[in-house]
Amino acid sequence: TLKVSSDYFTVTGLSDEYSYSITTNSLEITVVGSKSQVSKITEDDLKCEIDASSIDGTTGSITLPVEFTVDGNTTCWITGQYKVNISVEK
C-alpha cells in the first residue's frame, strides 16, 4: 500500500464559479505489480483525479471517487475503489 496526501489530488470538471477544498487528508491505496517496481512508486508517480462534473450545482460536503493512474509505468497499476470528501462553495 501507498499513502497518498490530498496535496496530490486534482479536481476536474468543476465550473470556475465554484471553489472547493479537499477535506480528506490522505488515502491508502494498493499498488499492484512486481515487488521491485512497486517499491519504486511514489506519490510523484501518480495521477490522482477527482471528476466533479457530476455534482451539477451541488454545494456543501460531497463524496466523490478518485481515479488513480501510475504515470510512465506500464507494469504497475492501482487496484480498488477510492473516494474522498470535498467541500464545494459557490
Side-chain angles (χ1 to χ4, degrees):
T1 62
L2 177 65
K3 186 175 185 174
V4 182
S5 165
S6 63
D7 294 341
Y8 289 86
F9 299 165
T10 302
V11 175
T12 62
L14 191 62
S15 170
D16 288 342
E17 64 187 294
Y18 295 94
S19 62
Y20 70 90
S21 62
I22 300 170
T23 55
T24 301
N25 293 326
S26 64
L27 288 175
E28 293 270 340
I29 64 169
T30 302
V31 183
V32 177
S34 70
K35 195 176 216 178
S36 63
Q37 289 297 311
V38 169
S39 65
K40 295 176 185 176
I41 302 293
T42 69
E43 292 172 305
D44 291 325
D45 299 315
L46 301 175
K47 181 178 178 185
C48 318
E49 188 171 276
I50 303 164
D51 182 2
S53 61
S54 66
I55 65 171
D56 195 30
T58 305
T59 57
S61 183
I62 302 166
T63 301
L64 292 170
V66 183
E67 180 79 25
F68 288 98
T69 54
V70 182
D71 281 342
N73 187 319
T74 58
T75 61
C76 295
W77 63 94
I78 309 303
T79 186
Q81 295 182 352
Y82 304 95
K83 295 187 177 198
V84 294
N85 294 321
I86 68 170
S87 179
V88 178
E89 296 178 0
K90 190 165 185 175

Does Asn25 offer a backbone N or O that forms a donor-acceptor pair with the side chain of Ser6 under 3.5 Å?
-> yes
Would Ile29 and Thr1 count as a side chain to side chain contact (heavy atoms under 4.5 Å, CB included) if you check the C-alpha gap in whole Å, the side-chain angles of each, and the deciding distance to 0.1 Å?
-> CA-CA 5 Å; Ile29 64 169; Thr1 62; over 6 Å; no
Supply the atom-to-atom distance Ile62 CD1 to Tyr20 OH, rounded to the nearest 0.5 angstrom.
-> 13.0 Å
Can you name the nearest heavy-atom pair linking Ala52 to Val11, along with the distance?
-> CB-CG1, 3.8 Å
Nearest heavy-atom pair of Gly33 and Cys76: which atoms, and what distance?
-> CA-SG, 4.3 Å
Gap between atom CG of Leu46 and atom CD1 of Ile78 - 0.5 Å precision = 5.0 Å
Got a sec: does the CD of Gln81 have more than 12 other heavy atoms crowding it under 6.0 Å?
-> no
CD of Glu43: more than 12 outside heavy atoms within 6.0 angstrom?
-> yes
Report the distance from atom CD1 of Ile50 to atom OG1 of Thr12, rounding to the nearest 0.5 Å.
-> 8.5 Å
Shortest non-hydrogen separation from Val88 to Ile86 and the atoms involved | CG2-CD1, 3.6 Å
With rounding to the nearest 0.5 Å, note down the distance linking NZ in Lys3 to OG in Ser26.
-> 4.0 Å
Testing Leu2, Val4, Thr79 for side-chain contact (heavy atoms from CB on, under 4.5 Å) with Phe68, which one passes?
-> Val4
Could you state the interatomic distance from CD (Glu67) to OH (Tyr82), rounded to the nearest 0.5 Å?
-> 11.5 Å
Is a donor on one side and an acceptor on the other found under 3.5 Å between the side chain of Asn73 and the backbone of Val70?
-> no
Distance-only polar pair, side chains of Asn85 and Thr63, donor-acceptor under 3.5 Å = yes
Evaluate the side chain to side chain contact (heavy atoms under 4.5 Å, CB included) criterion for residues Ser87 and Ser61: first the C-alpha distance (whole Å), next the side-chain angles of each, then the deciding distance (0.1 Å), finally the verdict.
-> CA-CA 4 Å; Ser87 179; Ser61 183; 5.5 Å; no
Measure from the side-chain N and O atoms of Thr69 to the backbone N and O of Asp71, and report whether any donor-acceptor pair falls under 3.5 Å.
-> no
More than 12 non-hydrogen atoms from neighbouring residues, nucleotides or ligands closer than 6.0 Å to CD on Glu89, yes or no?
-> no
Say you draw a straight line from CG of Leu27 to CZ of Phe9; how long is it, rounded to the nearest 0.5 Å?
-> 4.0 Å
Asp56 and Ser54: side-chain donor and acceptor closer than 3.5 Å?
-> no
